[in-house]
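Order of the sequence lines fixes the chain letters, A, B, ..., with proteins taken first and strands second; residue numbering starts at 1 for each chain. Both backbone and side-chain heavy atoms feed into the values below; hydrogens, waters and symmetry mates do not.
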Amino acid sequence: MNYLEAKSAPAREDRLKANIAFGGTLRDIKGCLKKGCFGSEGCLNLAGRRFSQTQGCQFTLSLAILNTLRNAVIIMHAPIGCGICSISNVGVNKTFKQLRDPQSEGIIWLSTNLDEADVISGGEKKLREAVLYADKEFRPETIIIANGCVPSLIGDDIDSILADLQTQTAASLVPIHCEGFKTKVMATAYDAVYHGILKNYVKKPERREYIAEPDLEKIKEKYRISRHVNVLNVGSMSRADELELQRLLNALGLTVTFIPCYAEPEDFEYSLESSLNVSICGTHDDYFVEHIKAKYGIPFLIDTIPIGRKNTDRWILKIAEHFGLEKEAQRLIQEENRELDKSLEPFRQKLAGKTAFIAGGEVRILATAEILQDLGIKVLGFKAHHFDQFVEPIFDSLEDLDDAIVDVATNQPFEQANILKRLKPDLLVTHVGGNNIAAKQGVPILPLFGPSYNYLGYSGVFEVARRLNRVARNGQFNKKLAENVPLPFKQEWYEKDPFTYIKQQDAV
Amino acid sequence: MSKFIDRPRYTCALGGALATLRAIPRAIPIIHASAGCGHNLHNAINAGAGYLGGGYCGGLSLPSSNVVERDIVFGGEARLREQIASTLEIVDGDIYLVLTGCMVEMIGDDLDAVVSEFLDYDKPVLPVHTPSFRGSSYTGYELVLSALIHKFVRKQRQKTPLSVNILGIVPAQDVFWQGNLKEIKRLLEKLGLKVNTLFGEGEDLESIRNSGAASLNIVVSDIHGIQAARKYEEIHDIPYITTGLPIGAVGTEAFLRQVAQALSIDPAVTERVIAEEKAVYYNYLERLADLYNDIDLQRYAVVVGDANYVPAVTRFISDELGWVPELAVITDLVDDNDKPVLLKRFENFESGLHPVVKFDTDASSVKKYLTEIWPANHNDKYFDSFGPTVLIGSVYERDLAQQYGFPLLTVSFPVTNRIVLNHAYAGFNGALSLTEDLFGLLVAAR
């Protein structure tokens, strides 16, 4: 894979033939995967909707990663509204950064505030002023320039301006081209961010060179690298998740660096002195690890996400295989499972027989279904932001789910409202953001992720079980809302098939 | 010519329009824009306005055409037509407003023509051009109101005597909009007025439709809501007055007298209402007489925020709480022509104080002004330091507050560290809440 010569990353509907609009069962999805519908055939990837609701875009999702980078200032090159969602992050962002470095600052961003005059005459002058101000005022290591739709349409030559400005600033300038209108698949954001990081952020660390080369130092260094892995974290992970994964890998004798979220430039430099890049979610990382392999020769592992027992077992084993540590891994897995299994018993007694619906990112929802099955909960259906090939490894961990409903929809709460009305699950496990509609349907909700809670690894299974049990104990808040607050959809909508508004589009 | 902004304290025209529609029951926005616009703006408005929530059909339920590259290349009108038609099929509303984002305006989609195809629908469908590059949230409020005033508000030549509309409190952008409107309505009703706040408790779409019958518009802001007031004047022949945002006894007395005068209300009635309100107000405020003087609760203060709150809060803490405000920073995008009227609000404080007033949109500027107004200690043994001080601002001031050790009360957008439901700062009751919140900071550890 090498897209780095290009100005920006390709859209995922083109690169991965990802799909954002599909309705059926898990059996249908599996059939499609087998036929290659989400792969090279791509027969589904042009699907869209006649009715749609707002959803995230490349820009907003890019910010979810960019906002976490330490010692950086972000310039949103766009009209004033773009990226203003960072407001929702000002407090928590600082707290989470300080879990990694107590000295960290919160998010600092500038909007170039493009107005009507700029739309006509170009936004280059304001961009220059903003970059120079950011450099002088905040003295960051990095200035990230994320551009919205407007500069792309008026033709601002951002890369050239930044190349010129780089000679005048102390900070490294990193352009991220993440215009929202360029892609239907929000997850293209991961590629857009990694594209900028790969081009302008990742470089070999400057090591002192020995005049005489002591063998012992060389051997030690080689050994250190041979036992080191990078784990590619995601913005939805918590520090507790990282510590759990670190604990498990340390138990195999491996050391870990977490990138990209909450990392600083140095972390990326040292990440090149490593034996393996480990993804926890293919949806996030394939673009990055493929390029790192091509450019720096570091192999990678993209398999399952370590959520749920079987997925965690598999994730550990795959890493262990790379290092020839299978036996050690087996022992670890056995011991961890024994302890965890016992700890889940009280929750199984309370939760077994309940039904649930899960909504969010494709990889995460299927893996979370494994936890629910482990607790004896029946999973009735899923809503996935999009679908592509990265879900395949997770199917092995699931039992008897072929009849579960699958709605592929980025956000689109109207479809979920229709489906929930039919399925009437006891519990809902969902992505943040669109839950005010589901809440008014009276279902108790557990967030699918939370950057202050543990979901990953073995401890994550226990934590999910414990919280799900608490949520199930009292659903009065949403129940009362449902009794008193109406939903915005007409009665006729609930009588229609939930997938009525999905349409196929012709290729352009 | 505008400049870049360090951490804007407002969203864009589309955001302001969405927030304004969020405040009208059963009004449904249909966004014609890229997929992320609505989501991005909801995240900002929800969190920034003390967790306002998406409401009936806001937040991630917002219908949106989600145009992508092919629509930008080939034009988005077909997609818009399809989206409006399907929204009318699915979403149960009483009025539908089609709002635009930047891209579709730049490629020249003919919004008005597409929307006009839905004239026959039994509920109104109206176009409003709200691209982000046209301005901030405040612009969005004006644009939505102008569209409603122009195309939806019923023309009534016969005005209802003593009936007024309230303008200038921008939903969400004024985080306490609902509580504030409620208090203003309560006070004006005591004067015998029929009060239409357009948004908030007791109001609905019918209130807006009937707002053309008012005999006066009261804009409780020196710079926001004035375009809407002019539109009412032009189309519905309703005159308007502008007042400041009334906070506290001093501010609210002046407000009530100004309104009474404009409507020729018997001064005896006005004075009776004021006396009644003040009796209640001071009955509460008097409770502080002990503590304030027992432990010296006078404070220096710095006030940072929008053009409605900063003058009103600064005067209130100066002239009623007896505090010493040294610096006031107005963070809105204020036109140079509007600055004198705002500066005038800081004149003639009863306390005789003259706080330094700055107009600046950048979050990083507040600290610079702080070092300007008060010299740093150069290791002097005897140094008259700037303290104890309370900082009144937005959540952006938190770092500054922590750095200087100032307690912070967030009153101006964005307010992400509080939950705001029916809390108010306007009027007499609002001032009591503000007093509780400010002094609450000072006794929190007791």
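A:Ile154 touches chain B through backbone and side chain together, each having a heavy atom under 4.5 Å away. Proximity to chain B is limited to the side chain of A:Thr60, based on heavy atoms less than 4.5 angstrom apart. Heavy atoms closer than 4.5 Å to chain B are found in the side chain of A:Ile437, but not in its backbone. Contacts between B:Tyr10 and chain A at a heavy-atom distance below 4.5 Å involve backbone atoms as well as side-chain atoms. In this structure, the portion of A:Thr183 lying under 4.5 Å from any heavy atom of chain B is its backbone and not its side chain. Only the backbone of B:Ser65 comes within less than 4.5 Å of a heavy atom of chain A; no side-chain atom from C-beta onward does. At a 4.5 Å heavy-atom cutoff, the contact between B:Arg7 and chain A is made by backbone and side-chain atoms alike. Residue B:Ser34 touches chain A through its side chain alone, counting heavy-atom pairs closer than 4.5 Å. For A:Gln55, the parts lying under 4.5 angstrom from a heavy atom of chain B are both the backbone and the side chain. Contact annotation for B:Asn417: neither backbone nor side-chain heavy atoms come within less than 4.5 Å of a heavy atom of chain A. Heavy-atom distances place the side chain of A:Phe138, and not its backbone, under 4.5 Å from chain B. Using a 4.5 Å cut-off between heavy atoms, A:Ile107 contacts chain B through its backbone alone, with no side-chain atom that close. Heavy atoms closer than 4.5 Å to chain A are found nowhere in B:Lys367, neither backbone nor side chain. If you measure heavy-atom distances from A:Glu179 to chain B, you find no contacts under 4.5 Å at all. With a 4.5 Å cut-off on non-hydrogen atoms, A:Phe59 does not touch chain B at all. In this structure, chain A has a heavy atom under 4.5 Å from the side chain of B:Val395, while its backbone stays farther away.
For B:Phe4, the ring pair (Phe, Tyr, Trp, His ring centres under 6.0 Å) criterion is met by A:Tyr133, not counting sequence neighbours.
Counting heavy-atom pairs closer than 4.5 Å to chain B, the top-ranked of the candidates A:Gly83, A:Gly106, A:Ala78, A:Gly180 is A:Gly83. Considering only heavy-atom pairs separated by less than 4.5 Å from chain A, the leading option among B:Gly55, B:Gly16, B:Ala85 is B:Gly55. Of the listed residues (B:Gly53, B:Gly38, B:Ser61), the one with the most heavy-atom contacts under 4.5 Å to chain A is B:Ser61. Chain A forms more heavy-atom pairs under 4.5 Å with one residue of B:Ala47, B:Gly58, B:Gly93, B:Cys12 than with any other, namely B:Cys12.
In this structure, A:Ile80 and B:Ile5 approach most closely via the heavy-atom pair CD1-CD1, 3.7 Å. Of all non-hydrogen atoms in A:Pro79 and B:Cys102, the two that sit nearest each other are CG-SG, 3.7 Å. When all heavy atoms of A:Lys126 and B:Ser2 are compared, the closest pair comes out as NZ-OG, 2.6 Å. Heavy-atom minimum distance, A:Lys490 versus B:Asp92: CG-CB, 3.6 Å. Heavy-atom minimum distance, B:Met103 versus A:Cys149: SD-CB, 3.1 Å. The two residues B:Ala35 and A:Gly56 make their nearest non-hydrogen contact at CB-O, 4.2 Å.
Under a 3.5 Å cut-off, the side chain of B:Asn66 and the backbone N or O of A:Gln53 do form a donor-acceptor pair.
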* Passes side-chain contact (heavy atoms from CB on, under 4.5 Å), A:Ile84 versus B:Ile45? Steps please. -> CA-CA 9 Å; A:Ile84 196 72; B:Ile45 294 164; over 6 Å; no
* To do: Test A:Trp493 against B:Val91 for side-chain contact (heavy atoms from CB on, under 4.5 Å), laying out the working first.
  => CA-CA 9 Å; A:Trp493 165 235; B:Val91 183; over 6 Å; no
* To do: For A:Met186 and B:His39, run side-chain contact (heavy atoms from CB on, under 4.5 Å): C-alpha distance rounded to whole Å, both residues' side-chain angles, the deciding distance at 0.1 Å, then the answer.
  => CA-CA 12 Å; A:Met186 189 169 74; B:His39 177 263; 5.9 Å; no
* Show your working on side-chain contact (heavy atoms from CB on, under 4.5 Å) between A:Ser88 and B:Asn46 and close with a plain yes or no. => CA-CA 8 Å; A:Ser88 63; B:Asn46 175 40; over 6 Å; no
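The side-chain heavy atoms of B:Gln402 and A:Lys94, taken from C-beta on, include a pair separated by under 4.5 Å. Put simply, the side chain of A:Ile87 reaches to within 4.5 Å of the side chain of B:Thr416, judged on heavy atoms. Side-chain atoms of B:Ile90 and A:Phe414, non-hydrogen and from C-beta on, do get closer than 4.5 Å to each other. Counting only heavy atoms from C-beta outward, the side chains of B:Pro8 and A:Trp109 approach each other to under 4.5 Å. Proximity of B:Ile72 to A:Phe181: side-chain heavy atoms (C-beta onward) are separated by under 4.5 Å at one or more points. Contact of the B:Tyr396 side chain with the A:Val90 side chain is registered, since non-hydrogen atoms from C-beta on lie closer than 4.5 Å.
The 12-atom threshold is not exceeded at CD of A:Glu105, counting heavy atoms of other residues, nucleotides or ligands nearer than 6.0 Å. Within 6.0 Å of the CD atom in B:Gln227, the count of heavy atoms belonging to other residues, nucleotides or ligands does not exceed 12. A 6.0 Å sphere centred on CZ of A:Phe477 holds no more than 12 heavy atoms belonging to other residues, nucleotides or ligands.
No option in B:Asn40, B:Leu18, B:Leu62 other than B:Leu62 meets the side-chain contact (heavy atoms from CB on, under 4.5 Å) test with A:Thr54. Checked options A:Asn435, A:Asn436, A:Val432, A:Asn411; the residue passing with B:Leu60 is A:Asn411 (criterion: side-chain contact (heavy atoms from CB on, under 4.5 Å)).
Counted by atom type alone, A:Thr112 and B:Lys3 present zero donor-acceptor pairs between their side chains at under 3.5 Å. There is a side-chain donor-acceptor pair under 3.5 Å between A:Ser52 and B:Arg79.
B:Glu82 and A:Arg49 are not joined by a salt bridge, as no carboxylate oxygen comes within less than 4.0 angstrom of a charged side-chain nitrogen. Salt bridge annotation for B:Glu89-A:Lys496: present, with a cationic side-chain nitrogen under 4.0 angstrom from a carboxylate oxygen. A salt bridge is defined here as a Lys NZ or Arg NE, NH1 or NH2 lying under 4.0 Å from an Asp or Glu carboxylate O, and A:Asp115 with B:Arg134 fails to meet this definition.
B:Asn43 CG to A:Asn89 CG: the interatomic distance, rounded to the nearest 0.5 Å, is 9.0 Å. Here the CD-NZ distance, from B:Glu69 to A:Lys184, works out to 12.0 Å after rounding to the nearest 0.5 Å.
The salt bridge (charged side-chain N to carboxylate O under 4.0 Å, His left out) pairs that include a residue from residues 49-59 of chain B number zero, where partners must be two or more places apart or lie in different chains.
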